[in-house]
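Structure, as structure tokens:
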Amino acid sequence: MTATATTATTATTATTPVPVTAPRGRGARIALRTLRVLLAVFFGVASGVPKLIAHPTAVESFDKLGWGAPGMYTIGALELLGGIALLLPLLSSLAATAFIGLMAGAFIVTVTALGGENAATPLILTVPLAWIAWATRGETTKLIARIRR
């Protein structure tokens, strides 16, 4: 009497499958893409470019903070590059997360050094940025996997 045993072998791969985290409905995907474009235009064009071209209002604000031109150009460059990164699917979650940090800093500076005028703006912007970061978090996983290769 012979017994036959079957053994199942499983292949293990070096990469773990990335869960799909983007919104599944067409409307949600369109809303997410539209929001990414609007925020990219806001941060890149409406907020970053005036700092990079040394618009008088930007110069005045940064002089009032004591940060001068180096601070103004640094923040402007971060906003412009972050706006571009929001448009790139692989970088959108990372960019949104970085902008949340930038908005936290902007809120603190606005409240402590600028008298609190327009302090709500960074807080309001944090909400859609958090949704973008959460909805596209799978892209960050893909980015990390690419970097580790």
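As the structure is a computational prediction, the values presented were derived from the model and not from experiment.
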### Message
Test your reading of the model: is there a side-chain donor-acceptor pair from Arg137 to the backbone of Trp134, 3.5 Å cut-off?
### Response
yes

### Task
Output the distance between atom CZ (Arg33) and atom CD1 (Ile30), rounded to the nearest 0.5 Å.
7.5 Å

### Task
Indicate the atoms forming the closest heavy-atom contact of Gly44 with Leu80, along with that distance.
O-CD1, 3.8 Å

### Query
Which atom names give the shortest non-hydrogen contact between Ala54 and Val59, and what distance separates them?
O-CG2, 3.6 Å

### Message
I need the Leu90 CG to Thr136 OG1 distance, nearest 0.5 Å.
### Response
10.0 Å

### Message
Applying a strict under-4.5 Å side-chain criterion to I, L, V, M, F, W and Y, I'd like to know whether Phe107 and Leu78 cluster together.
### Response
no

### Query
Got Glu139 and Leu91 here, is their nearest side-chain heavy-atom distance under 4.5 Å?
no

### Message
Do Leu102 and Ile75 have side chains that approach each other closer than 4.5 Å (heavy atoms only, starting at C-beta)?
### Response
yes

### Query
Between CD of Glu60 and CG of Leu65, what distance do you get to the nearest 0.5 Å?
11.0 Å

### Task
Measure across Thr140 and Leu94 and return the closest heavy-atom pair with its distance rounded to 0.1 Å.
OG1-N, 3.8 Å

#### Entry: Min side-chain heavy-atom separation Trp131-Leu32 under 4.5 Å
yes

### Message
Are Ile132 and Arg36 packed together at the side-chain level, in the sense that at least one heavy-atom pair is separated by less than 4.5 angstrom?
### Response
yes

### side chain to side chain contact (heavy atoms under 4.5 Å, CB included) between Leu129 and Thr97, intermediate numbers included
CA-CA 7 Å; Leu129 288 167; Thr97 304; over 6 Å; no

#### Entry: Separation between CD1 of Ile144 and CZ of Arg149, rounded to the nearest 0.5 Å
13.0 Å

### Shortest non-hydrogen contact between Leu52 and Ala77, atoms and distance
CD2-N, 3.6 Å

### Main-chain N/O of Ala119 paired to Thr110 side chain as donor or acceptor, under 3.5 Å
no

#### Entry: Ser93 to Ala133 - nearest heavy-atom pair and separation
OG-O, 2.9 Å

### Message
Is there a path of hydrophobic side-chain contacts, each under 4.5 Å between heavy atoms, that joins Leu125 and Ile84?
### Response
yes

### Min side-chain heavy-atom separation Phe42-Leu38 under 4.5 Å
no

#### Entry: No-hydrogen, no-angle side-chain donor-acceptor test under 3.5 Å, Glu79 and Ser47
yes

#### Entry: Leu87 side chain reached by Ser92 side chain, heavy atoms, under 4.5 Å
no

### Ring geometry between Phe62 and Trp67 (parallel below 30°, tilted from 30 to 60°, perpendicular above 60°)
tilted

### Query
What pair of heavy atoms forms the shortest contact from Leu86 to Phe99, and how long is it?
CD1-CE1, 3.9 Å

### Task
Please examine the side chains of Val49 and His55, heavy atoms only from C-beta on, and report whether any two atoms are closer than 4.5 Å.
no

### Query
Shared ILVMFWY cluster between Leu35 and Val41, side chains joined below 4.5 angstrom?
no

